[in-house]
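In what follows, chains are A, B, ... by sequence order, proteins preceding strands, each numbered from 1. These figures come from a predicted structure and were not determined experimentally.
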Protein chains: 2
Amino acid sequence: MRVSDLVSQAILDLLNRQNGSAEIRRNELAETLGCVPSQINYVITSRFTPEHGYVVESRRGGGGYIRITRVRVDRSTAVMHLVNSVGDAMDYPTARAIIGNLKEQQFIAPQTAAVILAAMSDRCYAGLPASARDGLRAALLKQMLLHTL
Amino acid sequence: MRVSDLVSQAILDLLNRQNGSAEIRRNELAETLGCVPSQINYVITSRFTPEHGYVVESRRGGGGYIRITRVRVDRSTAVMHLVNSVGDAMDYPTARAIIGNLKEQQFIAPQTAAVILAAMSDRCYAGLPASARDGLRAALLKQMLLHTL
DNA sequence: GAATTTTTGACCTTTTTTGACCTTGACTTT
DNA sequence: AAAGTCAAGGTCAAAAAAGGTCAAAAATTC
C-alpha cells in the first residue's frame, strides 16, 4: 500500500470516527505513519480538495493544527454539484447566475449571496490580466460555496 | 490548550463578568496562570488589538494596571471604519481578526463570516506570488464588507 | 517510453513561549 | 527637593513549535 493511501486512510478513519471532522497535528501524524510531514500536505491537496467535498483549515505556530471537515450531503448536494461544475475558470455572469440561483432556492442567505457576488466583481481584480481573473474567481467561488455548508 | 489561550480566556471571562471592561495586574495574572508576565503582553498585542475591537490602557509603577475595554459602535460605523482602515494590502491573520470581531459583535452572520474568511484563505490564491495575494485580499475584503451593509 | 502521480527533503513562514533588560511611577529618606 | 528604592508594566529578540512550498527524484500508469 502506498504511503499516500495510508495517510488518506488515517484521515478518513478519523473523519468517520468523529462524524465528519478531524483535527490533526501534521508532524505527529507523519511520525506515527512513518512518513515525511510534507506527505500529509500532498495527500490533502490531492485528495481532500473542494471538489472532493472537504474543507481544510489550518494554523501554523505553537499549537498549530490542520482541520479537515467533510461537508454533509443533504442540502449540500446542490452546492457540491455546483462546486464540481465550476472547473478552474469562472466568469462574472455565470457566477452571478449560480449565486442568484442558490439564493433563489434559499440555500444561502441574501447577505451571503451579496458577499459572494461582491467577491466575483471585476472591481476586485483591478490590475490583473483578464486571464488570471477567471481562475481566481473559480477558486474563490468554490472555496466560499463550500464554506456555506 | 496553549498558554496564550488560557490567558486570552481569562481576560475574556473578566470582560464578560464586568460587562466589557477588565482591569488586571500583569504579574498577578501571570502568577495565577503560571506563565511569564510578558506572555500577557503577547496575548494582548496579538488578540486584543483595535482590529479585534479592544482598547487597552495601562500604567506602570506601583499600583500599575492594564485595562482592557471592548469597544461597541453601531454596525455600519464599524464596517465603514474597517473598510476605510483597510489599505491596499491585507494579510490573512489581520483579516481573520477583523472578521472574527465582526462576527463576535453579531454585525455579520456566522455564514457570512465563514464565507468571507474562506475568500481570504491562501488556498484561493494558489500559484499567485505572495505580493499579489495581499492586494487581492484587500480589494476583496473591502468589496465584500461593503456589500454586507 | 512518455505522462502522470507519488515521495522526499531542503528551506520558508507563522505563531508561541521565555527571559534578560528597560522604563515608569509612587513612596521614603536625606 | 533630590536621591534612592521598590513595585509595577514594557520591549525585544532568541528559541521553539508548528505548518507550508517547491522542485527533483522515483515510481506508476498508459
**OP:** Name every residue in residues 90-104 of chain B that has at least one heavy atom under 4.0 Å from any atom of DNA chain C, in order of residue number, or write none if there are no such residues.
**Re:** B:Pro93, B:Arg96

Original post:
Can you check whether A:Ser4 has a side-chain N or O nearer than 4.0 Å to OP1 or OP2 of C:dT7?
Top reply: yes

**OP:** Might you confirm whether atom CD of A:Gln18 has over 12 heavy atoms from other residues, nucleotides or ligands at distances under 6.0 Å?
**Re:** yes

Subject >> Student check: side-chain heavy atoms of B:Met90 and B:Asp134 closer than 4.5 Å >> reply: no

Subject >> Over 12 foreign heavy atoms within 6.0 Å of CD, A:Glu23 >> reply: yes

Original post:
Looking across every strand, which nucleic acid part, if any, lies under 4.0 Å from A:Arg47 by heavy atom: base, sugar-phosphate, or nothing?
Top reply: sugar-phosphate

Original post:
Hey, is CZ on B:Arg75 packed in by over 12 heavy atoms from elsewhere, all under 6.0 Å?
Top reply: yes

**OP:** Identify whether any heavy atom of A:Tyr65 sits under 4.0 Å from a base atom; if not, whether one sits that close to sugar-phosphate; answer base, sugar-phosphate or nothing.
**Re:** sugar-phosphate

Original post:
Please, which pairs that meet ring-ring contact (aromatic ring centres under 6.0 Å, His included) have at least one residue in residues 39-58 of chain A, sequence neighbours excluded?
Top reply: A:Phe48-A:Tyr54

Original post:
Looking at DNA chain D, which of residues 25-40 of chain B put a heavy atom within less than 4.0 Å of it?
Top reply: B:Arg25, B:Arg26, B:Asn27, B:Ser38

Original post:
Below 4.0 angstrom, N of the basic side chain to O of the carboxylate: do B:Arg133 and B:Asp122 qualify?
Top reply: yes

Below 3.5 Å is the cut-off: list the nitrogen or oxygen pairs between protein and nucleotides 24-30 of chain C, distance only.
from: C:dT24; atom 1: O2; to: B:Gly61; atom 2: N; distance (Å): 3.3

Original post:
Is A:Arg137 reaching over with its side chain to a backbone N or O of A:Met120, donor-acceptor style, under 3.5 angstrom?
Top reply: yes

Original post:
Can you name the residues that form a salt bridge (Lys or Arg N to Asp or Glu O under 4.0 Å) with B:Asp5, not counting sequence neighbours?
Top reply: B:Arg2, B:Arg47

Original post:
So does B:Asp74 have more than 12 non-hydrogen atoms from other groups sitting under 6.0 Å from CG?
Top reply: yes

Original post:
For A:Asp5 and C:dT5, what is the distance between atoms CG and P respectively, to the nearest whole Å?
Top reply: 14 Å

Subject >> Sub-4.5 Å side-chain heavy-atom contact between B:Ile68 and B:Val55 >> reply: no

**OP:** Return yes when atom CD of B:Gln106 has more than 12 non-hydrogen atoms of other residues, nucleotides or ligands closer than 6.0 Å, and no otherwise.
**Re:** no

**OP:** For the pair B:Asn84 (side chain) and B:Met80 (backbone), establish whether a donor and an acceptor sit closer than 3.5 Å, ignoring hydrogens and angles.
**Re:** yes

Original post:
Where does the chain B footprint on DNA chain D start and end, counting 5' to 3' with a 4.0 Å heavy-atom cut-off?
Top reply: D:dA7 to D:dT11

Original post:
So, is B:Tyr42 close to the C:dT17 phosphate, meaning a side-chain N or O under 4.0 Å from OP1 or OP2?
Top reply: no

Subject >> Short side-chain to backbone donor-acceptor contact, A:Thr49 and A:Ser46, under 3.5 Å >> reply: no

